[in-house]
Amino acid sequence: MNYLDNLNAQQYQAVTTVSGPILVLAGPGSGKTRVLTQRIAFLMKEKDIPAYAILAVTFTNKAAREMQDRIEDLLGESVQGSMWLGTFHAVCARILRRESALLPFNNNFVIMDADDQVTLIKRIIKELNLDEKMYRANSIHNQISNAKNNLQFPADVSRSNYREETLFRIYEKYQSSLEKSNAVDFDDLLLWTWKLLKDNPEVRERYARRFQHVLVDEFQDTNTVQYQLLKSLSSYHKNLFVVGDEDQSIYRWRGADYRNILLFEKDFPDHVKILLEQNYRSTQNVLNAARCVIDHNTNRTPKNLFSDRGAGDKILYYEAEDDRMEARYVVETIDRMTENGNAQGGDFAVLYRTNAQSRLLEDAFLYRGMPYRLVGAQRFYGRREVKDMIAYLRVAYNPLDEISLTRVINTPTRGIGDKSIQNLRLAALESDKPLGEVLLDLGRFGPESVFWPEMGRGALPLADFGANVLEWNTMAAANESITALLDKIILLTKYQQYLKADDDDEQDRWANVEELRKMAYEYEERGLAEFLQNLALVSDQDTITENNNAPTLMTLHAVKGLEFNRVFIIGMDDGLLPHNRSLDDPEEMAEERRLFYVGITRARNHVTLVRAEQRMAYGVPDITIPSRFLTYIPDALIMQGNAPSILPGKSTRSSRTSPSGSRWESTPSWANRALSQLGKQTTSRGSESAMPSQRVASCKFAAQDNVTHPLWGEGTILESRIEDGEEIVQVQFKTAGMKKLIVSLSKLQKTA
DNA sequence: GCGTTACATATTTTT
DNA sequence: TATGTAACGC
């Protein structure tokens, strides 16, 4: 394929308009990645722009990698190492390492992830003797993060009342703690880069001259500092090419502001604006449903997405009696579809609003013995044991990293309790030395150390641990292999025994440690520094592996940018989607709609919306209300009956059936239920009869019978027949249109 | 200092 | 539910 092939008129314009600011509003599935990659190839091949003069920013590492692959494919040459292509955070980390001479940390800084940040904030709240209930670490973390995203260092935040003053004190302490540990957090990567470019015109000039072209993916998800960075980095050549879709902005809570699109139009009045409206992914029905959802949002450029893929299937809606059945419905449907060869596992995505919803799905998949892959949730890097190991490596690399040191100083327990740590802190403070240095001194000199006497009972354990750290640090400094270092750490800390003694997940936990060791092995040549530096910037989305032919389970957030043949969106309940926390804020509600919109538009061919009438909430069953979003989708787009994939299988499958006597087997003929539930519509509540009927042998209704239904009102029977012992009728309702119903479940009454 | 237990507590999304 | 914290006893 060539770099100008397969482009429609708008795409072509986007690829070949070389200079000046360009705004591309790209609907879902409209080929924006194609535009970005082919544009880069075009710039290089046709306009002789060298790779090093191009900066391309993406939202995830995965997107960056994909883009790189496609560019290299087009060019037939590698751009690795020459072109700047990566996430905002990765690009900023790169700049900061190069320019560290101008910054309050050196170029081996470590990057703290969100967990580390919260832990640190908790510690600070304690140290400041603040009420932990009044000042919740998570909330403070958010506030600090917001401040940073809005270009505020501690000195810049408002301090007009006591609370703000307190926040300031925490923020200040937090920031100096990071500095002491030669660490930065996620937000710092952006903030410091922004400050660097602002305070040092010659540095800004250098980068701005270098980057003749700056390209940005997912522009709608940029926040203030990111937008300022983009302006700064493109300030010389002004060739800023941004691609985005305000309808897919789903990171508001993280400071992302789709209004940056409006800002862009204002800041660059001479920009070229291009709309990509042809969708190459979905069928028209999917697009229409999506549009019905997003049209409820205001303040947006209306887009008319169209597809030449035909109308396709309607949206399928299913209402399960509870969340367990909801999961089971999804799994059984997938099972049936894959079993009869209509689909394969990899065709499916199951999407949900909150990670907690994945659990029941996992249960159901496991129970059926079906494979699945889960994105996110308990992220690998978030696992306690993995974090422990990383912290150990960080301590080995830099014993002065106080944050990591305090994490592992007594994990596994080694007799260094709060009191000992306090003593250590005190000694550090008095001698004006970092914590790690005092510890190393104890390790090096033992009882001869000047600090020994003040350490009281903890002296020996501290000295022992100090000696360990010294040993690891020596290994790290001598550039010994990371795996050797890890092995030494595991040996000296008896970490495996520690996990064994712990609990029943020992197997899993140890497997995770081994997994980390494997990853470390791949960094054998690049070394510990690079390994540690890269760890923090890896995200859940990056762990999505290809070629694994199993259904994918993930949040609506995680699915952005992906596509699947068939998409389930579960938890279509008010309070889940839209989420409770969004109900009272119109902006938040708009974001929930976008989230739903993103979910729908992932589907190439088919969307199934699922909800549960009853759902466990903190262990208590709760009656739910159907999502208000369901009402956005007109009946004409929703499929009522006729779900061939979930028709009751006449033959019970011999393989992979549940063990008899199980709780599931005790529920009679679930599959029949699945079909019959299709007759029940959106607004029905738990009051409806849940039990399947006894088998019937004769029809209660006949064609031409006039009937009435509690929800759909009056209608006329078109057809009635018996299927699998259930009477199925087709009814033409006066206002609600044609529906297929299961008589035994549908509260259908004959009228005179 | 450590481990157990009882109790409280809060539950979105993540580079 | 599941996670963290406070309190207690060793």
Side-chain angles (χ1 to χ4, degrees), chain A residues 57-64 86-93 111-115 117-119 122 126 132-133 136-139 141-142 145 148-149 185-190 217-218 221-223 225-226 249-256 323 351-360 375-379 381-382 384 410-423 456-458 460-462 501-502 536-543 554-560 571 575-583 588 591-592 594-596 598-599 615-622:
Chain A
V57 191
T58 61
F59 194 65
T60 64
N61 292 303
K62 181 166 173 279
T87 62
F88 270 106
H89 293 84
V91 167
C92 286
I111 301 165
M112 294 290 157
D113 69 21
D115 282 347
Q117 296 172 48
V118 173
T119 309
K122 262 188 200 149
K126 274 200 184 122
E132 286 164 60
K133 290 184 182 117
R136 295 231 330 285
N138 271 313
S139 148
H141 173 229
N142 265 340
S145 179
K148 289 184 174 183
N149 287 330
D185 66 22
F186 273 130
D187 305 310
D188 280 339
L189 291 172
L190 309 174
D217 194 11
E218 310 280 16
D221 280 323
T222 50
N223 58 31
V225 63
Q226 287 166 336
S249 168
I250 54 175
Y251 288 102
R252 199 179 105 91
W253 46 274
R254 206 163 75 190
D323 44 2
L351 311 178
Y352 36 81
R353 180 71 225 293
T354 69
N355 271 316
Q357 292 172 263
S358 70
R359 267 197 51 179
L360 287 174
V375 178
Q378 345 88 303
R379 27 193 323 221
Y381 299 98
R384 193 182 76 208
N410 201 30
T411 314
T413 53
R414 51 175 72 88
I416 304 176
D418 289 346
K419 192 73 214 269
S420 302
I421 294 173
Q422 234 178 336
N423 287 337
R457 199 139 60 97
L460 191 59
L462 280 169
D502 199 34
L537 293 174
V538 180
S539 76
D540 289 338
Q541 285 215 342
D542 302 325
T543 63
M554 61 184 137
T555 62
L556 286 162
H557 282 89
V559 80
K560 193 167 72 155
L576 256 187
L577 183 67
H579 195 271
N580 266 325
R581 297 217 165 178
S582 310
L583 297 180
E588 297 271 309
E591 178 135 325
E592 298 288 310
R594 294 194 288 267
L595 207 44
F596 187 29
V598 165
R615 195 177 287 283
M616 286 294 200
Y618 322 122
V620 181
D622 201 22

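Order of the sequence lines sets the chain letters (A, B, ...), proteins ahead of strands, with each chain counted from 1.
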- note: A/R136, atom CZ; B/dA10, atom P; distance rounded to Å ~ 6 Å
- Calculate the interatomic distance between A/F186 atom CZ and B/dT13 atom C1'; express it in whole Å. 15 Å
- State whether the aromatic ring of A/F88 stacks on the base of B/dT15, taking stacking to mean ring centres under 5.5 Å apart and ring planes under 30° to each other. no
- Message: What contact category does A/H579 fall into here, base, sugar-phosphate, or nothing, at under 4.0 angstrom with non-hydrogen atoms?
- Response: sugar-phosphate
- Assign the ring pair A/Y251 / A/H557 to parallel, tilted or perpendicular, where the plane angle (0 to 90°) is split at 30° and 60°. tilted
- With the side chain defined as heavy atoms from C-beta on, A/T354 is closest, among B/dG1, B/dT12, B/dT15, to B/dT12
- Item | Atom-to-atom span, CG of A/D185 to P of B/dT14 - whole angstrom | 18 Å
- N/O (side chain, A/N355) to phosphate O (OP1/OP2, B/dT13) under 4.0 Å: yes
- salt bridge (Lys or Arg N to Asp or Glu O under 4.0 Å) against A/D187, all qualifying residues, sequence neighbours excluded: none
- For A/D323, what residues pass the salt bridge (Lys or Arg N to Asp or Glu O under 4.0 Å) criterion, not counting sequence neighbours? none
- Message: Applying a 4.0 Å non-hydrogen cut-off, can you work out what A/S582 is touching in the nucleic acid: base, sugar-phosphate, or nothing?
- Response: nothing
- Message: Measure CZ/A/R581 against C1'/B/dA10 and give the value in whole Å, please.
- Response: 8 Å
- A/R615 meets the salt bridge (Lys or Arg N to Asp or Glu O under 4.0 Å) criterion, sequence neighbours left out, with A/E326, A/D573
- Task: Please name all residues satisfying ring-ring contact (aromatic ring centres under 6.0 Å, His included) with A/H89, sequence neighbours left out, ordered by chain then number.
- Result: A/F186
N/O-N/O pairs, protein side and nucleotides 2-6 of chain B side, under 3.5 Å:
from, atom 1, to, atom 2, distance (Å)
B/dC2, OP1, A/G415, N, 2.6
B/dC2, OP2, A/N410, ND2, 3.1

- Please identify each residue that fulfils side chain to side chain contact (heavy atoms under 4.5 Å, CB included) with A/A64, with sequence neighbours left out. A/T58, A/L85
- Gap separating the CZ atom of A/R457 from the NZ atom of A/K419, nearest 0.5 angstrom: 9.5 Å
- Query: Toward the 5' end of DNA chain B, which comes first, A/H89 or A/N138, by nearest nucleotide?
  - Reply: A/N138
- Query: Roughly, in whole Å, what's the span from CE in A/M554 to P in B/dT14?
  - Reply: 11 Å
- Separation of A/D188 atom CG from B/dT15 atom C1', in whole Å? 14 Å
- Evaluate whether atom CG of A/N580 has more than 12 neighbouring non-hydrogen atoms of other residues, nucleotides or ligands under 6.0 angstrom away. yes
- Task: Only counting residues at least two apart or in another chain, list the ones meeting side chain to side chain contact (heavy atoms under 4.5 Å, CB included) with A/E588.
- Result: A/R252, A/S582, A/D585
- Hits for salt bridge (Lys or Arg N to Asp or Glu O under 4.0 Å) against A/E592, two or more places apart or cross-chain, chain-then-number order -> A/R353
Please write out the pairs of protein N or O atoms and N or O atoms of nucleotides 3-10 of chain C separated by less than 3.5 Å, giving the distance to one decimal.
none

- Expressed in angstrom and rounded to an integer, what is the separation of A/N142 atom CG from B/dT15 atom P? 15 Å
- Taking N and O atoms by type only, does the side chain of A/R252 place a donor or acceptor under 3.5 Å from a partner on the base of B/dT13? no
- Item | For atom CZ of A/R254 and atom P of B/dT15, their distance in whole Å | 6 Å
